[in-house]
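Reading through the C-alpha cells given below for one structure.
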Amino acid sequence: MVAPSTTSGTDEIAQTTAALSDLSRPCWVIRDREDIRVTSDEAVAARSEVLAAVGPLTPDRLGDRSFQHFHGVRYGYMAGAMANGIASPDLVSALAKAGYLASYGAAGVVPAKVDAALAELTATLRDTPFACNVIHSPSEPALERAIVDACLRHRVTCVEASAFMSMTAELVRYRVLGLRSAPDGEIVRGHRVVAKVSRLEVAEAFLRPAPAALLRQLMESGDITAESAHLAATVPMADDVTVEADSGGHTDRRPLLVALPEIIALRDRIAGESPLAANVRIGAAGGIGTPAAAAAAFGLGAAYVVTGSINQASVEAGTSAATKELLATAGSADCVMAPSSDMFEMGVQVQVLRRGTMFAGRAAQLYDAYRAYDSIDAIPQKVRDGLERDIFRRPLESVWDECVRYFTERDPNQIAAAQNNPRRRMALVFRWYLGLSSGWSIGGDETRTADYQVWCGPAMGAFNSWAAGTHLASARNRRAADIAHHVMTGAAFHTRVSILRGAGVHFPPQCATYWPSL
C-alpha cells in the first residue's frame, strides 16, 4: 500500500510528514473512502479502516532504558571522547546539561591540564553525570596512571576506556576501588566503566571479571584490599561495551553490521557461564552521523549509540575554526589511515581527514623511515635533508631537545629509556611531528595548515550530506546538544517509518526522511 501516493499533493505530503513526526502520539495508516492516508488523530482513525499503526516513540525510548537509569541520563546517546581535549569541558558540560552522557577527551593531555579540566567539570556539573576517557598507553604507563589518579581525586564516577588491547592494572584499580557490598548483598558499582572495543578478545576481557593476577598485584602493592578483590572476582570489568566500527582515530574499520551482532552474541554466550555478564549493555559507535544510521544501530540491538566525528565540528569542541570548516566540507570518502602517535612503534594506525591536509602522506614517510633504519644517524643524508626540510622544518637534533623538555614534564621515563636506545630515540623524534600535528589543527596554526592531523571517520561526510541546506550546514551553527537532539529525534522518526514499512506501507521520499529544523 502507498500512503500517500507519489502523485499526492503537497498538503497530503505535509500531513503525512507531520503525523510521522508527532512522536509522542500513535500514527495510523487508514483507508478513508478510496484514499490511503496517514493520521495521528485518534478520532479520525476510530471511524476509518486501519491498515497499519505504530505507537508513540519519543527519543528517550530508544535503546535499553537501563542505560539511562544506570548513568542518570535521559537518552541512550553518548558523545565519545576525542583526544587532546577536543571533547572539551565546554562540550561535555553542554551535553551533560541536556541529558546526554559525554566523555572528556583526556588522551594526550598532560596530567596538570587533565586535573584542571576535571576540577572545572565537577564544579560546573556537580551531580550531573559525565565521563572521562582513559586511553590505554602502552608506551606511557605513567600517563595512564595519572589519568586514573585524577579521576579518583575528583570523584569521577564514569570512565570511557578506549584503545585497550588487554586489561591493565590501572583500569582494574579504578574499577575495584568503586565496588562495595550493599546491605542486601548486591555489589554496588560506584565506578562505572564504558569500554570501547572492536575485537572479540578485547570485548571478552571486559565482559569478564578482572584477571586474578592483576588483583593479586594490586593487593600486594596496597592499592586495593582483599575485600575489594573478593568483590571484583565476580563483577564484569565493564558495565557497557561500545562496539566501535569504522570511526575516526583508532579504528579497525570493521562493519557495524558484522561487529555489533557478533559481540552481542559473545555477551550472551558468556552470560551462560557468568550470569552478571547478561547485564552488560552493548552499544554502537563508528559511522553514526545521521538519524538513519542511529536508527539502524538501534535496530541491530544497540543499547545506546556513541557519536564522535560529528561532534568535532561543533561549536563547543576544543579545536580551531579552521579545522571545523575543513570538517564541515568533508565527504564520506575524504578519510585515510595514517600512523598513530601513541602506538607508533607498533604500527598502529588512526583514521584521519585526507582533504585539505598532507599529514597522512608525511606521517607514512616517517613510519617507512622508522622501519628502514636503526637510528637517526643511519638515515641517508638525502632522506634526512628531505625530512628536515618538508616535515620537521628544523634539524632533528633540535627536535630531540624539544622531546627532552616535553617528556621531562609528561613522563621522564621515556627519555631515560631512549638514552641508550637509538631506535627508541628515533621513534620519539618522529612522534614529535605526529603529536604536534594534532596540536596545530586544534590551535589553528596557519603556518602548519598542510600538516593538520584531524581524526575523522566517514560519519562526518554523511552528516554533512544530510545537513546540507539546513541550519546545521554551517559549522558556526553546530552545537553539540542540538546535533544530539536531531540525531535522536530523527532516529525515532526513522524507526517509526521502518516499522510501518515492515507492515507493507510504502512512503514517497518526501515524507520518509527526517530533516533538522530550528
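All heavy atoms count here, side chains included; hydrogens, waters and symmetry mates do not.
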> Do the rings of Phe67 and Tyr304 sit parallel, tilted or perpendicular, given the 30° and 60° boundaries?
Replying inline: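 Rings of Phe67 and Tyr304: parallel, under 30°.
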Should [X] and [Y] count as side-chain neighbours, where that means a heavy-atom distance under 4.5 Å?
| X | Y | answer |
| --- | --- | --- |
| Arg425 | Ser375 | no |
| Thr168 | His136 | yes |
| Arg405 | Thr408 | no |
| His191 | Val156 | no |
| Ile376 | Pro422 | no |
| Thr307 | Met78 | no |
| Met488 | Phe298 | yes |
| Val352 | Cys456 | no |

Donor on one side chain, acceptor on other, [X] and [Y], under 3.5 Å:
| X | Y | value |
| --- | --- | --- |
| Thr329 | Asn464 | no |
| Tyr433 | Asp451 | yes |
| His71 | Asp239 | no |
| Thr447 | Asp445 | yes |
| Ser438 | Gln453 | no |
| Asp246 | Gln351 | yes |
| Ser93 | Thr124 | no |

> According to the ring-ring contact (aromatic ring centres under 6.0 Å, His included) rule, which pairs have a member within residues 388-423, sequence neighbours left out?
Replying inline: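 As it turns out, the ring-ring contact (aromatic ring centres under 6.0 Å, His included) pairs with a partner in residues 388-423, which skip direct neighbours, are Phe392-Trp432.
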> Quick one: ring-ring contact (aromatic ring centres under 6.0 Å, His included) pairs with a partner in residues 88-109, sequence neighbours left out?
Replying inline: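 Pairs touching residues 88-109 that pass the test: Tyr75-Tyr100, Tyr77-Tyr100.
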> Going through the distances and angles, do Met346 and Met165 end up as a side-chain contact (heavy atoms from CB on, under 4.5 Å)?
Replying inline: CA-CA 12 Å; Met346 302 166 66; Met165 295 176 288; 3.3 Å; yes
Atom pair [atom1] ([X]) and [atom2] ([Y]), whose distance is rounded to the nearest 0.5 Å:
| X | Y | atom1 | atom2 | value |
| --- | --- | --- | --- | --- |
| Arg431 | Leu436 | CZ | CG | 12.0 Å |
| Cys132 | Glu160 | SG | CD | 9.5 Å |
| Leu434 | Ser341 | CG | OG | 5.5 Å |
| Gln68 | Asp64 | CD | CG | 7.5 Å |
| Leu101 | Asp240 | CG | CG | 8.5 Å |
| Leu95 | Leu125 | CG | CG | 10.5 Å |

Return the minimal non-hydrogen interatomic distance between [X] and [Y], and the atom names on each side.
| X | Y | value |
| --- | --- | --- |
| Asn133 | Ala81 | CB-CB, 3.3 Å |
| Leu353 | Asp334 | CD1-O, 3.4 Å |
| Pro291 | Tyr514 | CG-CD2, 4.1 Å |
| Ile391 | Arg362 | CD1-O, 3.7 Å |
| Leu218 | Ser221 | O-OG, 3.0 Å |
| Ala259 | Val243 | CB-CG1, 3.5 Å |

>> Could you tell me if Arg281 sits above the aromatic ring of Phe70, with its cationic atom closer than 6.0 Å to the ring centre and no more than 45 degrees from the axis?
In response: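 Yes, Arg281 sits over the ring of Phe70.
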> Cation-pi between Arg423 and Tyr370: NZ/CZ under 6.0 Å from ring centre and within 45° of the ring axis?
Replying inline: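 Yes, a cation-pi geometry holds between Arg423 and Tyr370.
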>> Tell me every residue that passes side chain to side chain contact (heavy atoms under 4.5 Å, CB included) with Arg74, counting only those two or more places apart in sequence or in another chain.
In response: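 Partners of Arg74 by the side chain to side chain contact (heavy atoms under 4.5 Å, CB included) criterion come out as none, since no residue qualifies.
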>> Working note: Phe463 + Asn311, criterion side-chain contact (heavy atoms from CB on, under 4.5 Å); need CA distance, chi angles, decisive distance, verdict.
In response: CA-CA 10 Å; Phe463 179 90; Asn311 300 315; over 6 Å; no
> Checking side-chain contact (heavy atoms from CB on, under 4.5 Å) for the pair Leu257/Leu300: CA distance, chi angles, key distance, verdict?
Replying inline: CA-CA 8 Å; Leu257 286 169; Leu300 278 173; 3.8 Å; yes
For [X], does the [atom1] atom have more than 12 heavy-atom neighbours from other residues, nucleotides or ligands under 6.0 Å away?
| X | atom1 | result |
| --- | --- | --- |
| Arg254 | CZ | yes |
| Arg393 | CZ | yes |
| Glu446 | CD | no |

>> Would Asp401 and Arg394 count as a salt bridge (Lys or Arg N to Asp or Glu O under 4.0 Å) here? Give the steps.
In response: CA-CA 12 Å; Asp401 291 340; Arg394 67 190 64 194; over 6 Å; no
>> Using only atom types and a distance under 3.5 Å, with no angle test, would you say the side chain of Ser88 pairs donor to acceptor with the backbone of Glu316?
In response: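 Yes, because the side chain of Ser88 sits within donor-acceptor range (under 3.5 Å) of the backbone of Glu316.
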> Ignoring hydrogens and geometry, is there a side-chain-to-backbone donor-acceptor pair from Arg478 to Leu472 under 3.5 Å?
Replying inline: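 Yes, the answer is positive, given that a donor and an acceptor are paired below the 3.5 Å cut-off.
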>> Using a strict threshold of under 4.0 Å (side-chain N to carboxylate O), is an ion pair present between Asp252 and Arg199?
In response: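 Here Arg199 pairs with Asp252 in a salt bridge, since their nearest N and O are under 4.0 Å apart.
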> Are Arg384 and Glu397 ion-paired here, with the side-chain N under 4.0 Å from a carboxylate O?
Replying inline: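 A salt bridge links Arg384 with Glu397.
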> Would Ser340 and Asp342 count as a side chain to side chain donor-acceptor pair (under 3.5 Å) if you check the C-alpha gap in whole Å, the side-chain angles of each, and the deciding distance to 0.1 Å?
Replying inline: CA-CA 6 Å; Ser340 162; Asp342 55 347; 2.4 Å; yes
> Which is it for Ser247 and Glu244 under the side chain to side chain donor-acceptor pair (under 3.5 Å) test, yes or no, and what are the steps along the way?
Replying inline: CA-CA 7 Å; Ser247 63; Glu244 185 177 26; 2.7 Å; yes
> Can we call the ring centroids of His486 and His471 under 6.0 Å apart?
Replying inline: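 Ring-ring flag for His486/His471: true, centres closer than 6.0 Å.
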>> Less than 6.0 angstrom separating the ring centers of Tyr367 and Phe344, yes or no?
In response: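 Yes: the rings meet the under 6.0 Å criterion.
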> Under the side-chain contact (heavy atoms from CB on, under 4.5 Å) criterion, do Val350 and Met337 qualify, and how do the steps go?
Replying inline: CA-CA 5 Å; Val350 290; Met337 299 301 291; 5.6 Å; no
>> Go through it in stages, so that I can follow the logic: the residues are Asp115 and Arg153, the test is salt bridge (Lys or Arg N to Asp or Glu O under 4.0 Å), and I'd like the CA-CA distance, side-chain angles, deciding distance and then a yes or no.
In response: CA-CA 9 Å; Asp115 195 76; Arg153 187 162 50 251; 2.7 Å; yes
